[in-house]
Amino acid sequence: MRPKSFGALSAFRNAVPTGRRFARCLDALKYVAVAIATCFFTLVAINLTAEPRVLRSIVPHRFDATDPQFARSMAAYSQGQVFEANAVQTLVNGDEIFPAMLQAIHAARSTIDMETYIYWSGTVGYEFANALAAKARKGVEVRVLVDWVGSLPFDEDLIHIMTSAGVRFQRYRPIYWYTLDRVNNRTHRKLLIVDGRFAFTGGVGIADNWLGDARNPDEWRDTHYQIEGPAVSAFQAAFAENWLETAGETLQGEKFYPPPEAAGALNAQLVLSSQPNGSEGMELMMLAAIAAAKEHLRIGMAYFVPDNIALQQILDARKRGVAVDVICPNGLTDVPIVRKGSRYFWGDLLKAGVRIYEFQPTMYHPKLLIVDDVWTSFGSTNLDERSLRLNDEASLNVFGRDFARTQIDLFNEDLKRSREISLDEWQSRPLSEKVTDWMASRLHSQL
């Protein structure tokens, strides 16, 4: 027989209104929601907090780009070997770039390794997928590494076309619960290596946006480069670095690193940045190059948002009397917030005599730095904090007057299709633009 007190307690519990129990559940859910929100904002803060700066001041001007000390110092700064006897072919816009890349793929005999940030659905995407699949069916080892974020507009059928033929396909740093602290660190490299003998790099992604010859807003302006010679081994190593992280496979042997053969007369050096460690070499390389300018500095950038030190480095060049020309996109840019964040910082540059131009016909997407008429750097790296401090990037430095002259000629052709922005125009921007430019500039560490 139950005690009367126990029966009374049971009766009391049964009398508790259902609404009160529901309220307790709501309180518990609130605590869970707060915990989830705290975790979310903590992860956002981790990803948006800039890494501590290694470089805190500009690189002093001690010698010109023509001085042998420049090449030696550049190799030491960026930990990138300078290779001799290379050939570099300049490919302008999709009409030249895609056929050259596809021709190299069709001619492959043993290996094809491709890494890219953007791989989108469309005509170009299917053409590359089919070409890569065809070589895989013929026994060529084909590896494709695409950034998880950059390939989001990606038809899964493209993956099936490649993988069903034997292509080894991987996405770089996909999002899992244990990778949430690295969501902001992407690979922005554009690499294609064929048989360990030919490499391609530049600004172009695998997408229809780059088709054509930059004649209208639907045909982006960009430059890509085909490299042949001993420097190709550095491109292969760059791909192998990210492939190892993603697929856990080590690439070694002659099919990836054949005996080097002379292909031309150019000295070339591949510089890499890798995250979460190893970005300072790329930043130091760019600052040191600007510091070595004696007469003329030419900058062509899809995304031009230099941090305070890079701004001071450019202004220091102007103090020495160096002419500085910058080409960047106009309102046709694919990332308007970057353009707005960039424009906020133009005042000091324009006052110092830096000439800033906006390319008019279409989106301007190259990444080009030319020092005087002797040294050129190109690849995937923009002069912004995202490239220099967040992304994995790759840029090739080429030493040589003849090659620099070809890039200066190309730069000058782009100048003819660009409009110079005057200090008066910049100062006369509507108040609404000044406010939104300022707001965008607050995000400079992410742009």
Side-chain angles (χ1 to χ4, degrees), residues 81 83-91 94-116 119 123-146 158-170 172 187 189-202 204-206 224-244 246-266 268 270 272 379-380 394 396 398:
Q81 180 181 350
F83 296 89
E84 298 180 349
N86 300 280
V88 180
Q89 180 183 355
T90 305
L91 306 169
D95 281 353
E96 293 184 3
I97 295 166
F98 292 135
M101 294 174 71
L102 289 167
Q103 181 180 354
I105 290 172
H106 294 319
R109 296 181 179 180
S110 59
T111 61
I112 300 172
D113 296 314
M114 186 171 78
E115 177 176 348
T116 186
Y119 196 138
T123 301
V124 172
Y126 275 92
E127 191 167 5
F128 271 80
N130 287 320
L132 293 166
K135 297 308 294 188
R137 280 191 291 268
K138 292 182 178 180
V140 174
E141 291 186 19
V142 182
R143 295 169 179 81
V144 176
L145 179 60
V146 301
L158 290 168
I159 301 177
H160 177 72
I161 289 172
M162 290 187 278
T163 56
S164 63
V167 174
R168 303 176 194 182
F169 179 90
Q170 294 283 341
Y172 186 72
T187 179
R189 297 174 181 173
K190 285 88 173 176
L191 306 173
L192 172 63
I193 306 99
V194 176
D195 295 336
R197 296 193 177 279
F198 299 93
F200 292 81
T201 194
V204 168
I206 307 302
H224 226 61
Y225 300 83
Q226 178 177 325
I227 301 95
E228 185 179 1
V232 174
S233 63
F235 287 89
Q236 184 69 75
F239 175 86
E241 172 188 72
N242 284 351
W243 185 258
L244 175 63
T246 306
E249 180 187 11
T250 302
L251 306 184
Q252 56 186 338
E254 279 199 13
K255 60 186 175 184
F256 300 106
Y257 303 100
E261 296 181 1
L266 294 175
L270 186 67
L272 303 176
S380 65
L396 188 71
V398 177

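Residue numbers count from 1 along this sequence. Just so it is clear, the structure is predicted and the values come from calculations on it, not from any experiment.
Summarising the geometry of T111 relative to V140, their closest heavy-atom pair is N-CG1, 3.8 Å, with the distance given to 0.1 Å. The shortest non-hydrogen separation linking R197 to P258 is NH2-CB, 3.4 Å. For the pair M162 and A133, the tightest heavy-atom approach, listed with the atom from each and the gap, is CA-CB, 4.3 Å. The two residues A136 and G166 have their closest heavy-atom pair at CB-C, 4.1 Å. Counting all heavy atoms, side chain and backbone alike, A108 lies closest to K135 at O-NZ, 3.1 Å. Annotation for A268 and L396: closest pair CB-CD1, 4.0 Å, computed over non-hydrogen atoms.
You'll find the side chain of P260 stays beyond 4.5 Å of the side chain of F83, heavy atoms only. Side-chain contact between V144 and R168 is absent, with no heavy-atom pair separated by less than 4.5 Å. Looking at heavy atoms from C-beta onward, E254 lies in side-chain contact with P259 at the 4.5 angstrom threshold. Under the 4.5 Å side-chain criterion, counting only non-hydrogen atoms from C-beta, Q89 is not in contact with Y225.
Between atom CZ of residue F256 and atom OG of residue S110 there is a gap of 8.0 Å, rounded to the nearest 0.5 Å. Note: K138 NZ to H106 NE2 = 9.0 Å, rounded to the nearest 0.5 Å. Summarising the geometry, atom CD1 belonging to I112 is positioned 12.5 Å from atom CZ belonging to F198; distances are rounded to the nearest 0.5 Å. To the nearest 0.5 angstrom, S164 atom OG is 11.5 Å from I159 atom CD1. If you take OG1 on T187 and CD on E241, they are separated by 9.0 Å, rounding to the nearest 0.5 Å. The distance from atom OG1 of T163 to atom CG of L132, rounded to the nearest 0.5 Å, is 12.0 Å.
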* Give the C-alpha distance, both sets of side-chain angles, the deciding distance and a yes or no for side-chain contact (heavy atoms from CB on, under 4.5 Å) between V124 and F98. => CA-CA 8 Å; V124 172; F98 292 135; 3.9 Å; yes
* Could you go step by step and tell me if I161 and Y126 meet the side-chain contact (heavy atoms from CB on, under 4.5 Å) rule? -> CA-CA 9 Å; I161 289 172; Y126 275 92; 3.7 Å; yes
* Asked: How far apart are the C-alpha atoms of R143 and L251, what are their side-chain angles, what is the distance that settles it, and do they pass the side-chain contact (heavy atoms from CB on, under 4.5 Å) test?
  -> CA-CA 11 Å; R143 295 169 179 81; L251 306 184; 3.5 Å; yes
* To do: Take F169 and V146 through the side-chain contact (heavy atoms from CB on, under 4.5 Å) test and state the conclusion after the steps.
  => CA-CA 8 Å; F169 179 90; V146 301; 3.6 Å; yes
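Although no hydrogens or angles enter the test, the distance criterion places a donor-acceptor pair under 3.5 Å between the side chain of Y119 and the main chain of G125. Between the side chain of K190 and the main chain of E115, no donor-acceptor pair closer than 3.5 Å is present. No donor-acceptor pair under 3.5 Å is formed between the side chain of R189 and the backbone N or O of F239. Under a 3.5 Å cut-off, the side chain of T116 and the backbone N or O of G205 do not form any donor-acceptor pair.
Counting non-hydrogen atoms of neighbouring residues, nucleotides and ligands closer than 6.0 angstrom, the CD atom of E249 exceeds 12 such neighbours.
No side-chain donor from either of E228 and N86 sits under 3.5 Å from a side-chain acceptor of the other. Side-chain contact check for W243 and Q170: no donor-acceptor pair (N or O, by modelled atom type) lies under 3.5 Å.
Ring geometry for F200 against H224 counts as parallel: the plane angle stays under 30°, on a 0 to 90° scale with 60° as the upper cut.
A salt bridge links K255 with E141: the distance from a Lys NZ or Arg NE/NH1/NH2 to an Asp or Glu carboxylate oxygen falls below 4.0 Å.
The only option from L192, D113, T201 that meets the side chain to side chain contact (heavy atoms under 4.5 Å, CB included) definition with F235 turns out to be T201.
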